[in-house]
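Just so you know, ligand 1 is whichever comes first in the structure, and atom 1 is the first atom listed for that ligand.
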Amino acid sequence: MKILMVCLGNICRSPLAEGILREKVSDMDVTVDSAGTSAFHEDEAPDIRSIQVARKNGMNISDLRGRQFSAQDFEDFDIIYVMDVNNYASVIAKARTDEHKAKVRMLLNELNPGENNSVPDPYYGGDSGFDDVFDMLDKATDVIVEKINNGRL
Ligand code: 4NP
């Protein structure tokens with residue numbers, strides 16, 4: 001199973017989602033990566049506030065580096081989780097087949113199926129936004145792990 005987490009910059013939400021899920025599946029045959037729909041932060045480390053909230057929760061994500069989502073990712077990953085509706089539109093726009101489109105899911109639909117809720121972009125807010133994002137990602141990735149264990153993902 002190969003899972004890709006996608007946001008806009010690949011420095012705030014998706015590296016955090018990658019780090020959280022990667023830790024939870026460390027003893028499973030699951031690959032986790034992340035990417036941004038933009039190239040704004042190509043090769044950059046995660047935002048310091050994401051690194052800090054990860055560290056506060058016992059994880060080190062400082063080695064991750066930003067990269068842009070590409071159409072090749074539809075071949076390389078089984079499931080592509082997007083953080084918000086804008087990411088969804090950007091990723092779907094690069095899909096060439098129905099099979100590709102079917103791989104794209106809103107991450108928070110794992111918590112609230114069908115609601116299409118977005119993980120809010122914390123980039124322009126304060127540190128508390130990152131704590132809220134961490135909580136949402138933690139809960140959504142718990143559901144992902146539960147589904148993998150039940151063979152339902
Ligand atoms: P992310 O947050 O999509 O969660 O990584 C953002 C990071 C940077 C920008 C926007 C969102 N930016 O405009 O540079």
One pair to check against side-chain contact (heavy atoms from CB on, under 4.5 Å): L21 and V145. What are the steps and the verdict?
CA-CA 8 Å; L21 182 58; V145 174; 3.9 Å; yes
Go through I144 and M1 one step at a time and tell me if the side-chain contact (heavy atoms from CB on, under 4.5 Å) criterion holds.
CA-CA 12 Å; I144 292 173; M1 174 78 66; over 6 Å; no
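Contacts of D121 with ligand 1, taken as heavy-atom pairs under 4.0 Å, involve the side chain alone. Of the heavy atoms in H41, only side-chain atoms (C-beta onward) come closer than 4.0 Å to ligand 1. Here D47 has no heavy atoms under 4.0 Å from ligand 1, in either its backbone or its side chain. Residue contacts with ligand 1 for Y124 involve side-chain atoms from C-beta outward but no N, CA, C or O (heavy atoms, distance under 4.0 Å).
Close approach of ligand 1 to C12 is summarised as follows: ligand atoms under 4.0 Å from at least one heavy atom of the residue are 1 (P), 2 (O), 4 (O), 5 (O). For ligand 1, the atoms sitting less than 4.0 Å from at least one non-hydrogen atom of L8 are 3 (O), 10 (C), 11 (C), numbered in the order shown with element in parentheses. Atom numbering of ligand 1 starts at 1 in the shown order; those under 4.0 Å from a heavy atom of G9 are 1 (P), 3 (O), 5 (O). Residue I11 approaches ligand 1 through these ligand atoms, each under 4.0 Å from one of its heavy atoms: 5 (O), 7 (C), 8 (C).
Remark: side-chain polar atoms of R49 are not paired, donor with acceptor, to backbone N or O of G129 under 3.5 angstrom. The closest donor-acceptor contact from the side chain of N87 to the backbone of D84 lies under 3.5 Å. The backbone N or O of G36 sits nowhere less than 3.5 Å from a side-chain atom of Q68 that would complete a donor-acceptor pair.
Comparing heavy-atom distances from atom 4 (O) of ligand 1 across M83, E44, R13 singles out R13 as nearest.
Here the shortest heavy-atom pairing between P15 and P46 reads CB-CG, 4.0 Å.
Side-chain contact, E146 with N150: no donor N or O sits under 3.5 Å from an acceptor N or O.
Given atom 1 (P) of ligand 1, the protein heavy atom at minimum distance is C7 SG, 3.4 Å.
Taking a 4.5 Å side-chain heavy-atom cut-off between Ile, Leu, Val, Met, Phe, Trp and Tyr, the cluster of I92 extends to L4, V6, F69, F74, F77, I80, V82, V85, Y88, V91, V104, M106.
Considering backbone and side-chain N/O of S14, none are found under 3.5 Å from N/O of ligand 1.
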